[in-house]
Number of protein chains: 2
Amino acid sequence: MATVLDVARRAGVSSATVSRVLSGHGNVGAETRERVLQAVRDLDFQPNRFAQGLRRGRGNTVALLVGDIEQSVYSALTKHLQVALGEIGLDLMLYNLDHSAERLRTILEAAPAMGLRGVALASTDVIPMATVGPLLRALQQRAITVIAIGQRLHRAGIPSIVHEERAAGRRAVAYLVEQGRAPVAYVGRIAGSAVGSERYRGYCAALAAAGLALRPELVSDVSYRFAAGYEGTSRVLAAAPDVRGVQAGSDELALGAMAAIRDHGLRVPEDVAVVGFGNIDWGAHVRPALTTLSVHPATVAHAVAALLRDGAGGPLLQVIARTLVLRGSA
Amino acid sequence: MATVLDVARRAGVSSATVSRVLSGHGNVGAETRERVLQAVRDLDFQPNRFAQGLRRGRGNTVALLVGDIEQSVYSALTKHLQVALGEIGLDLMLYNLDHSAERLRTILEAAPAMGLRGVALASTDVIPMATVGPLLRALQQRAITVIAIGQRLHRAGIPSIVHEERAAGRRAVAYLVEQGRAPVAYVGRIAGSAVGSERYRGYCAALAAAGLALRPELVSDVSYRFAAGYEGTSRVLAAAPDVRGVQAGSDELALGAMAAIRDHGLRVPEDVAVVGFGNIDWGAHVRPALTTLSVHPATVAHAVAALLRDGAGGPLLQVIARTLVLRGSA
DNA sequence: CTGAAAGCGCTTACAG
DNA sequence: CTGAAAGCGCTTACAG
C-alpha cells in the first residue's frame, strides 16, 4: 500500500505538500499540485484511515443506532442514509438496538473511543435520559455530532428529525370517522414507545373533535409486530363487537389486525376498515392494499447528512409531514 | 480521554506493560496486572481505535455488503451478524449494494485502505468475477478475511456460506405436484441472480422427475420485488389459464403472485396454490399464510463469526439445509 | 517480568 | 509556496 511518503518521493515534493493537495487546506502551486495528483493516480494512493483518524482526532464514520433493522422504517432509513452519507464521504456503522435500553447504553459508552464523526439515534422507544443523557452530552463535548431520529430530544439540546405523529394519527382517525367507521379502535399504543403514545394522542384528539367517547375496551396496548396486532385486535373484537374501524400503531400491527378481522369471520374493509402507520413496502401488495400514513426516509437521510456536514448550528427540530395514503383497506 | 500513558503513570509501570495486560500477549506479574487493571478502571480507559489500528495494521471492523437491506433476507442476516460479531468484539460496517455491480466494485476498491478485518459479501446477484475477482484476491492478500454469503465462490478460493437452493426448489415443486397442483408455474427466475437460476433448476428437476413437460409460458423472468411477482403471475395466468400452482422465487414475489391471482378472480389456495422462498417475517400473518422455504440467518451469522475468529483454514463451503414450512397458501 | 525506544502513516504548526 | 520535524496513541521487537 502506497503511503504519502511514496507519493511525495514520486512527485519530488515533501509529504506535507501531498497532504495539503489531498486535503485542500493550504495553498499549493498549480504545477506542483498536478505532479502530486499524477503520483497519487500512478500509485493508486489511498490515505490510511487509521493514521488520518489518529492525527485528526476523528474519522469518517457515523454510527446509526436503530431500534430493529428488521422493521421497515429502520431498514429504509438505513438504505437512504447510506447513500446520503456516501455522497459526503462518510461511512455508516450499524448498531441494532433490538429495542434494548441496556444495549443503547453499552454502545454509547464505547462510542467516544471509536473516533466517530457522528451518532444517529433512530429509536422510538422511550429513552431513559437520566442515564443516557450524560452519555450523549459526553459525545457532543468531543465534537461528535449527535442526532435523534424519530424522537424529539431537542429539549436536551440534541437536534431531532421526526415525522409528525399526533397530527397524522388525528387525521387518519378523523378520516375513519368521516367514512362512518366509528366506533374506531386503536391497536398498538405500544407501551414504552415515545412515538406510539403520540399517535395515540392523535386518536384521542380525533375522537374528541368528533364528539365521540373514548372507550377503554377499544384501545389495545401491544408491542410492535404482527402477532401483537393480531392478538390486540382479537381482544378488541371480542370486547367490542360493534367496532367498525381500526387505527393501528404501525403497518405491521395493521397486517396482524387484518388477519384477526378475517379470522373473526369479518371482511376488510366492508365490515371493519383498517389504517396503518408507516407505508411499509408490502402494504400496496397485500389484499386489500393497506391505507396508511406515509414515511419519508430520504428526507430524513438528507437532513441527517446536512447536520453532519454543517456541524452544530443547524435547526434543533425538523418535523416532516405525513400524507394519508388511501388504498383498499379503509 | 485517558491514554495508555495515563494508565501507566497511575499504575506506576510503563506503557508497554499496560499494553501487555490489555492485549493478553506477554507475561505480566499477577500483582502488576492487578494494579494496571485497577488504573484502567479508575480512568475508564478505552484504547484509541485509530492508534491501535495504525499500529496493528488493521482494525476491528467487518464490512457487510448486502444486496438490498430492505429485503428481509438481508436485514435478518444483518441483525444476527451484528450480534455474532459483537460477541467477538467486532463492529459491523454496512454497505448497501442496491444490486449494483458498479457499487460493489467501488466499495471493494476503497476497502484495502480502510483497515478492515473482514469483508462479508452477501449478494445473490451474479458477480462479474473478471473484474471483482482480483479485488477480492487483493483483500485476501492483505489478510482481510473475505466471505461469500448466499453465493458459491469457493472455487475462487473464497469461503462460502449458502443455503441449499436447487434441492429446496425441487422439494417444494415436488410437493406442489404431489398435491395435484400441476401445471406448476415458476415466477421469478430473476435474470442476473445466481441463486434464482439455481432455484429454477430445482423446478426443472422436479418437473422432470414427475414426467411433466417444461412449458415456457409457465416460466416468468422478473426482478426481485412485489410488483414483479404481480406482473409475472398476471402474464402467466393470461398465457396458461390451466395453471394450478405457483412456485415463486422469493416471498416478496409470492405475495405479488397471491395478489395477482386474487385480482384475477381466483382463490388461493383453492384455485391456485402458492409457495414462496425465504420465510419472510410477515409470511405467517398474511391470509392465507404463506407456505415457504425456511432461511437460517443465525446459523449463517455464527458461521461467518467463526471464520473471522479462526482466520483462514476453515471450510470453503458450508451449505445450510432448508425446510418446507407448510402454511395456508399451499 | 519489565522498560526504553522505535515506528505505524498521517497532518499541521512553524520556519523560511 | 514549500519543507523539516513533531506528534497523535498505540504495540512490539529488543535489551536487560
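Each chain gets a letter, A, B and so on, in the order its sequence line appears, and its residues count up from 1.
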> Whole angstroms only, please: what is the CG-P distance between B/L54 and C/dG7?
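From B/L54 CG to C/dG7 P: 14 Å.
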> Only one of B/L135, B/L97, B/V119 forms a side chain to side chain contact (heavy atoms under 4.5 Å, CB included) with B/I107, so which one is it?
B/L97
> Among the candidates D/dT2, D/dC10, D/dG7, find the nucleotide nearest to the side-chain atoms of B/F45.
D/dC10
> Taking the side chain of A/S15 as its heavy atoms from C-beta onward, which of D/dA5, D/dT11, C/dG3 lies nearest to it?
D/dA5
> From the set D/dG9, C/dT12, C/dC1, return the single nucleotide nearest to any side-chain atom of B/A51.
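Nucleotide nearest to B/A51's side chain: D/dG9.
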> Kindly say whether B/I161 contributes a backbone atom to a donor-acceptor pair with the side chain of B/Q318 at under 3.5 angstrom?
no
> Can you tell me the distance, in whole Å, between the CG atom of A/L43 and the C1' atom of C/dG9?
15 Å
> Could you tell me the separation between the CG atom of B/L5 and the P atom of D/dT11, rounded to a whole number of Å?
12 Å
> Would you check if there is a donor-acceptor pair between the side chains of B/N48 and B/Q52 at a distance under 3.5 Å?
no
> Looking at D/dT2, I'd like to know if its phosphate oxygens (OP1 or OP2) sit under 4.0 Å from a side-chain N or O belonging to A/T32.
yes
> Decide whether B/Q140 and B/R137 meet the rule of one side-chain donor and one side-chain acceptor closer than 3.5 Å.
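Result is no, nothing qualifies.
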> Distance check needed: C/dG9 C1' versus B/R56 CZ, whole Å only.
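It works out to 17 Å between those atoms.
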> Between atom CZ in B/R58 and atom C1' in D/dC10, what is the gap in whole Å?
16 Å
> Between B/H25 and B/F50, which is nearer to the 5' end of DNA chain D once each is assigned its nearest nucleotide?
B/F50
> Given C/dC1, D/dT11, C/dT2, identify the nucleotide with an atom nearest to the side chain of B/V4.
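The closest nucleotide is D/dT11.
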> Could you measure between the two P atoms, the one in D/dC14 and the one in D/dC10, and give it in whole Å?
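To the nearest whole Å, 24 Å.
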> Does B/S14 place a side-chain N or O at less than 4.0 Å from the phosphate oxygens OP1/OP2 of C/dA4?
no
> Does a salt bridge link B/D42 with B/R10, judged by any charged N lying under 4.0 Å from a carboxylate O?
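Between B/R10 and B/D42 there is a salt bridge, with a charged N closer than 4.0 Å to a carboxylate O.
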> With a 4.0 Å limit, can you tell me whether A/T17 has a side-chain N or O closer than that to the phosphate oxygens OP1/OP2 of D/dG3?
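A/T17 to D/dG3 OP1/OP2: side-chain N or O found under 4.0 Å.
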> May I have the distance from A/M1 (atom CE) to C/dG9 (atom P), rounded to whole angstrom?
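To the nearest whole Å, that distance equals 11 Å.
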> On DNA chain C, check which nucleotide each of B/G29 and A/Q46 is closest to and give me the residue with the more 5' one.
B/G29
> To the nearest Å, give me how far apart CZ (A/R33) and C1' (D/dT2) are.
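So the two atoms are 13 Å apart, to the nearest Å.
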> Check whether more than 12 heavy atoms from other residues, nucleotides or ligands sit under 6.0 Å from atom CZ of A/R155, and answer yes or no.
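No - once you tally the heavy atoms of other residues, nucleotides and ligands closer than 6.0 Å, there are 12 at most.
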> Round to the nearest Å and state the distance from B/R55 atom CZ to C/dG9 atom P.
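From B/R55 CZ to C/dG9 P: 10 Å.
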> Report the nucleotide, chosen from D/dG9, D/dT2, C/dG3, that has the shortest atom-to-atom distance to any side-chain atom of B/N48.
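Closest nucleotide among those given: D/dG9.
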> Give a yes/no answer on whether the side chain of A/T3 brings an N or O atom under 4.0 Å of OP1 or OP2 in C/dG9.
no
> Do the side-chain N or O atoms of A/Q52 get closer than 4.0 angstrom to the phosphate oxygens (OP1, OP2) of C/dG9?
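No, A/Q52 has no side-chain N/O under 4.0 Å of OP1/OP2 on C/dG9.
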> Considering Watson-Crick and G-U wobble pairs with both distances under 3.5 Å, what does D/dG16 pair with?
C/dC1
> Ignoring hydrogens and angles, answer whether the base of C/dG3 and the side-chain atoms of B/R20 contain a donor-acceptor pair closer than 3.5 Å.
yes
